[in-house]
There are 2 protein chains.
Amino acid sequence: MAKRKVGAAPTVYDVAGSAGVSIATVSRAIRSPDSVTPATRERVEEAIQRLGYVPSASARALADRRTGAYGLLLPGFDDIEDAVEPVPSDGAVRITDDRGSRSPVGGAPLYFDEVLRGAEVEAWRHGSALLVAVRRGQRQDISGRVDGLAVFGRAMSEEAIGQVARRMPVVLIADEQAAPEIDSVSVDNARGMRAVVEHVVGVLGIRDLAYLAGPKDSPDDAVRRHGFAEALAAHGVDRRRLRMRHGDFGRARAAAVAAELLAERVPRALLCANDQSALGALDAIHAAGLRVPEDILVTGFDGIEAGGYASPPITTVRQPMRALGGAAIRALEARIADPTAPPQHLTLSVEVLLRESCPPTL
Amino acid sequence: MAKRKVGAAPTVYDVAGSAGVSIATVSRAIRSPDSVTPATRERVEEAIQRLGYVPSASARALADRRTGAYGLLLPGFDDIEDAVEPVPSDGAVRITDDRGSRSPVGGAPLYFDEVLRGAEVEAWRHGSALLVAVRRGQRQDISGRVDGLAVFGRAMSEEAIGQVARRMPVVLIADEQAAPEIDSVSVDNARGMRAVVEHVVGVLGIRDLAYLAGPKDSPDDAVRRHGFAEALAAHGVDRRRLRMRHGDFGRARAAAVAAELLAERVPRALLCANDQSALGALDAIHAAGLRVPEDILVTGFDGIEAGGYASPPITTVRQPMRALGGAAIRALEARIADPTAPPQHLTLSVEVLLRESCPPTL
DNA sequence: GTGAAAGCGCTAACAG
DNA sequence: CTGTTAGCGCTTTCAC
């Protein structure tokens, strides 16, 4: 058995030595098994097993001039730096009265998680790895490690995106404000919201609606709001009777805003820009002693899990989150395959899930 | 301005040429700015800006003999390959009656997402990147790309773990069955469950409990179950009066199992091995026309978001998920810093959140 | 303080 | 089919 420095990972040289062939043959046996004699291949494979050899992705990347990895850049959250201090168990278990309050976890993480999984699966199919980074200071040094970058709109400044795009393929995720020259994948926010209005106004015949929007600077919110207004106009609903307030996509703020709205006058239906807001609206509605859907209908948007567990379960527009992640990676692959193709902008379709908060019929 | 091959990313050579220095100096100016003259440093920095140079992580890794990245291996789910086919929007929005049914997304993803974020932040603090992979066929080729691997117990066979551990630091996450010689981080499942029993039996004075367990092969479940039984024994509750059933940690199965249990006889309290199961139990309880907490108390475990949105909100044991991810990466860093230290097994403390389904007092 | 040169582990011509 | 060899881009002695 060949001796080698202990502690150091075995290399092609070790394998070659151990199998009695050249390093080139080892490389071939691994990359294109058909190009070597079955006998040689077997000896190489044995040596690999024996040594526990794993190819160095770095060396391979250097020689190949491609890393075999894609990057996914997630937006950061304000609280992202918190709560990572591990608290070793000291035997005591803290007990907290959590009634009324809620754990601060928002719905957004689930959304990203699903996109991440879709992206990971697609990358894997392509034989690539997925590098995940969360936006923070300017350290976009991840760009030296990947062949392409999928970026959530809010995760990077337009300028930085342009900078990185000079060097490698970049695809924007869920950002319909996308720079027109950069590939993008997003979901059909406008049509989704229109379909909801269609149901409420067209099917249920309700014309007294209010809208609980998200933050004013959110592109997603803008598109949904627009879809809402447009559909309403199509039905000839008087714009002036329409009431709308801005929240921040968060549950707590939504509850406060909804409470104001209800205090003014209770609309027959309250459409919310996302599920978190709808959950907040539900809080306010219950606090006001109103019933859903009897007194007021509520709808959300996104399709987060918690929406289905609310009481009543919330009607929502489900985004194809996993597909979104997969599509982003595919866009990167396509761009690498053909760098000169015109920019692609893919829009995925959404699905309305009618649940108790705004049922199929009244 | 220096000409260079277009399309190819600039290298140290380009920067050196453009700045009129040697590549060694470029490297120094980047790695240890103090080791070069301020004037030189500035010229190098200018050249870097001008060229849009980004160091190649691969080349650096090769020279350094470390990749500057950690890997996180997540368990796969059966449905993970599904639903990644992007459906381009054709203008039509499907509308589905989703009452009663629920979207199939489980609570697990959220859990992993939080762990992932904790790990990413910690890796970033350490100047490293985080590579994410989901368990699939034997392709654990990710091990050639990272300096250490954090693995969820179920994500890799013991054998495979041992194999990888021969080559690089490995830390097991949330797997108390951990091989004793491999570092691990987990949460205090046993104490968490004991604290719940303590509350139900000790504080609320209830002695008629049932337990809804998870799958028989889950280490997490085993530990929680053990904590439950132990605490009960400590209070002298008759083991034979104790009823327990196994579910699969999923909501649907839990509902079915809980229904059987209730049909037999309704216990005063039903403790569940995780939140998903508790949600399922709630389904069965409501279907049976029983009220929570008046007729029966329910508790879960994990602290997933949906638990707080259920009606009533579910009392649970919150795991420090983000801290868990951070701790895993720290363990890797520690192991790299001192490869000879004895194996570390860190247990993080949990917190009981008392909510309406099992309130502080009756 | 700076430059020359020798690798890091692997791939891909190019010969044989 | 297999071996030799020249890089891939960067870090790091070792001289100067």
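Just so it is clear: chains get the letters A, B, ... in the order the sequence lines come, proteins before strands, and each one is counted from 1.
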Heavy atoms from C-beta onward define the side chain here; which of dC10(C), dC8(C), dA5(C) lies closest to that of Ile23(B)? dA5(C)

Length of the line joining Arg43(B):CZ and dG1(C):P, which is rounded to integer Å: 16 Å

Using a distance-only criterion (donor-acceptor N/O pair, under 3.5 Å, no hydrogens), is the base of dG7(D) paired with the side chain of Arg65(A)? no

From the options dT11(C), dT12(D), dC10(C), select the nucleotide whose nearest atom is closest to the side chain of Ser56(A). dC10(C)

Distance in angstrom units between Arg60(A) CZ and dC10(C) P, rounded: 8 Å

Given atom CD1 of Ile48(B) and atom C1' of dG9(D), what is their separation to the nearest angstrom? 14 Å

Reckon Val26(B) touches a base, only the sugar-phosphate, or nothing at all at heavy-atom distances under 4.0 Å? nothing

Applying side chain to side chain contact (heavy atoms under 4.5 Å, CB included) between Glu122(A) and each of Ile329(A), Leu332(A), Leu130(A), report the one that passes. Ile329(A)

Options dG3(D), dA4(C), dT2(D), nucleotide nearest the side-chain atoms of Thr37(A): dT2(D)

For Arg50(B) and Ser18(B), which I'm curious about, is there any donor-acceptor pair between the side chains at under 3.5 Å? yes

Hey, does the side chain of Thr25(B) come within less than 4.0 Å of dG3(C)'s phosphate (OP1/OP2), counting only N and O? yes

Rounded to whole angstrom units, what separation is found between the CZ atom of Arg31(B) and the C1' atom of dG1(C)? 19 Å

Donor-acceptor check, side chain of Asp183(B) to backbone of Val171(B), threshold 3.5 angstrom: yes or no? no

Nearest whole angstrom, please: distance from the C1' of dC10(D) to the OH of Tyr53(B). 7 Å

Has Thr11(A) got a side-chain N or O lying under 4.0 Å from the OP1 or OP2 atom of dC8(C)? no

More than 12 heavy atoms of other residues, nucleotides or ligands under 6.0 Å from CD of Glu159(B): is that the case? no

Pick base, sugar-phosphate or nothing for Thr40(A), based on heavy-atom distances below 4.0 Å to the nucleic acid. sugar-phosphate

Within this structure, what is the CZ-to-P distance between Arg41(B) and dT2(C), rounded to whole angstrom? 10 Å

Rounded distance in Å - CZ (Arg66(B)) to P (dT11(D)): 12 Å

Atom-pair distance (CZ on Arg167(B); P on dG9(C)), nearest Å: 11 Å

At under 4.0 Å between heavy atoms, what does Ser27(B) touch on the DNA or RNA strands: base, sugar-phosphate, or nothing? base

So which one's nearest nucleotide on DNA chain C is more toward 5', Ala24(B) or Asp64(A)? Ala24(B)

Looking at the base of dG3(C), is there any donor atom on it, or on the side chain of Arg28(B), that sits under 3.5 Å from an acceptor on the other one? yes

Heavy-atom count check: over 12 atoms from other residues, nucleotides or ligands less than 6.0 Å from Glu46(B) CD? yes

Heavy-atom donor-acceptor pair, Tyr13(A) side-chain to dC10(C) base, under 3.5 Å: yes

